[in-house]
Structures are given as structure tokens and as C-alpha cells.
Amino acid sequence: MPKVTFHKNGQVFVDEVKPETNLVVRAGIKQFPYPNLRYECGMGKCSKCACKVLAGAEHLPPPNWKEKKQLGERLDQGFRLACQIWLTHDIELEQPEMVVAACS
């Protein structure tokens, strides 16, 4: 079973999930990584579930069109949308705080 290591706010959360697991789906039904994973739509439209992949990226499929549209150059920095990936191998993720643009 894939081991998920999830970093957020200086804390580390670790658990195993079944193969072909989506972390946003699990959080939605109040399983790991709930309540620590930030997410909203679950459809790749909002990018609130964006996480930086620290280890295990080589086992993920290439980014789909939704990730390319939402993440842009953050893809080159190792970010992926948690709602768009189904885990089959161990992965280590970090979800940094969202940067909110100031209104002028």
C-alpha cells in the first residue's frame, strides 16, 4: 500500500492508503489526510489542493490539461493538484500556505 507523507504548517502526517487512492476524495469522506489537506472543488478548477511533490514524482502520470491550466509555471517547481492524481506508489507532499494577492 502506498505510504503518504504530508507536510503542512511545520507538521508531518504519515499514513498508508489503498492503491489508486485520491487524497481529495479521502479528505472529503473524512479520512487521511483530513482535516489537514486544503481543497475545495475536487475537479481541478480552483487549485486550492496544490501540493509540492517532495518525493515520488517519478511514479505520477504527466500533468493533465487541468493541472497545466491551473498551475502554469508552478509545475516546473514540482507542484501538482492533489485532486487530479491517483496514488499507486509512496509519495511525499508539502502543501504550503496559499498566497493571496492583495487587492489595490
Side-chain angles (χ1 to χ4, degrees):
M1 295 203 315
K3 177 181 167 186
V4 179
T5 305
F6 184 73
H7 300 258
K8 185 162 183 187
N9 299 328
Q11 294 183 289
V12 180
F13 308 93
V14 181
D15 203 354
E16 287 186 344
V17 298
K18 292 180 182 177
E20 296 297 329
T21 291
N22 179 285
L23 295 180
V24 171
V25 170
R26 281 183 59 93
I29 58 173
K30 308 236 184 302
Q31 294 179 344
F32 178 83
Y34 173 84
N36 304 296
L37 179 68
R38 180 185 61 246
Y39 67 96
E40 191 167 303
C41 76
M43 298 182 291
K45 293 181 178 183
C46 72
S47 77
K48 288 189 176 161
C49 66
C51 293
K52 185 171 188 175
V53 180
L54 303 176
E58 68 274 13
H59 300 295
L60 297 176
N64 64 25
W65 68 271
K66 292 177 181 181
E67 291 180 287
K68 291 176 184 176
K69 179 179 177 183
Q70 291 297 326
L71 296 173
E73 55 190 51
R74 288 196 297 166
L75 281 170
D76 296 334
Q77 299 167 10
F79 282 85
R80 299 293 298 267
L81 297 179
C83 70
Q84 296 298 298
I85 54 178
W86 297 83
L87 304 177
T88 57
H89 292 83
D90 293 355
I91 194 165
E92 185 170 1
L93 303 167
E94 175 184 32
Q95 190 172 51
E97 287 302 310
M98 286 186 69
V99 178
V100 179
C103 297
S104 45

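Just so we're clear, the structure is a prediction, and the values are computed from it rather than from any experiment. In this chain, residues are counted from 1 in sequence order.
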Original post:
Which ILVMFWY residues are connected to Val14, directly or by a chain of links, through side-chain heavy atoms under 4.5 Å apart?
Top reply: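 Besides Val14, the hydrophobic cluster comprises Val12, listed by chain and residue number.
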
Original post:
What's in the same ILVMFWY side-chain cluster as Tyr34, cut-off under 4.5 Å, chained through other members?
Top reply: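 Taking Ile, Leu, Val, Met, Phe, Trp and Tyr as members, Tyr34 stands alone, with no cluster partners.
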
**OP:** For Lys8 and Asn36, indicate whether the former's side chain and the latter's backbone hold a donor-acceptor pair under 3.5 Å.
**Re:** yes

**OP:** Say whether, by atom type as modelled, one donor and one acceptor occur between the side chain of Arg38 and the main chain of Pro96 under 3.5 angstrom.
**Re:** yes

Show which side-chain atoms of residues 45-57 pair as donor or acceptor with protein atoms under 3.5 Å away, not counting sequence neighbours.
{"unit_1": "Lys48", "atom_1": "NZ", "unit_2": "Glu40", "atom_2": "OE1", "d": "2.6"}

Subject >> Distance, nearest 0.5 Å, that separates CG of Leu75 from CZ of Arg80 >> reply: 7.0 Å

Original post:
Out of curiosity, Leu93 CG to Phe79 CZ, how far, rounded to the nearest 0.5 Å?
Top reply: 10.5 Å

Kindly list each side-chain donor-acceptor pair under 3.5 angstrom involving residues 19-29, sequence neighbours excluded, with atom names and distances?
{"unit_1": "Thr21", "atom_1": "OG1", "unit_2": "Lys18", "atom_2": "N", "d": "3.4"}
{"unit_1": "Thr21", "atom_1": "OG1", "unit_2": "Lys18", "atom_2": "O", "d": "2.3"}
{"unit_1": "Asn22", "atom_1": "OD1", "unit_2": "Val24", "atom_2": "N", "d": "2.9"}
{"unit_1": "Asn22", "atom_1": "OD1", "unit_2": "Val25", "atom_2": "N", "d": "3.0"}
{"unit_1": "Asn22", "atom_1": "ND2", "unit_2": "Ala82", "atom_2": "O", "d": "3.4"}
{"unit_1": "Asn22", "atom_1": "ND2", "unit_2": "Cys83", "atom_2": "O", "d": "2.9"}
{"unit_1": "Asn22", "atom_1": "ND2", "unit_2": "Ile85", "atom_2": "O", "d": "3.2"}
{"unit_1": "Arg26", "atom_1": "NE", "unit_2": "Phe32", "atom_2": "O", "d": "2.8"}
{"unit_1": "Arg26", "atom_1": "NH1", "unit_2": "Gln31", "atom_2": "OE1", "d": "3.4"}

Original post:
salt bridge (charged side-chain N to carboxylate O under 4.0 Å, His left out) with Glu92: which residues, sequence neighbours excluded?
Top reply: none

Subject >> Verdict with supporting geometry, Leu81 and Leu71, side chain to side chain contact (heavy atoms under 4.5 Å, CB included) >> reply: CA-CA 8 Å; Leu81 297 179; Leu71 296 173; 3.9 Å; yes

Subject >> Check: Lys3 and His89 side chains under 4.5 Å, non-hydrogen atoms >> reply: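 In short, these two side chains do not touch, never coming nearer than 4.5 Å.
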
Report, one line per pair, each donor and acceptor closer than 3.5 Å where one atom sits in a side chain of residues 58-65; sequence neighbours left out.
{"unit_1": "Asn64", "atom_1": "OD1", "unit_2": "Lys66", "atom_2": "N", "d": "3.0"}
{"unit_1": "Asn64", "atom_1": "OD1", "unit_2": "Glu67", "atom_2": "N", "d": "2.9"}
{"unit_1": "Asn64", "atom_1": "ND2", "unit_2": "Gln84", "atom_2": "OE1", "d": "2.8"}

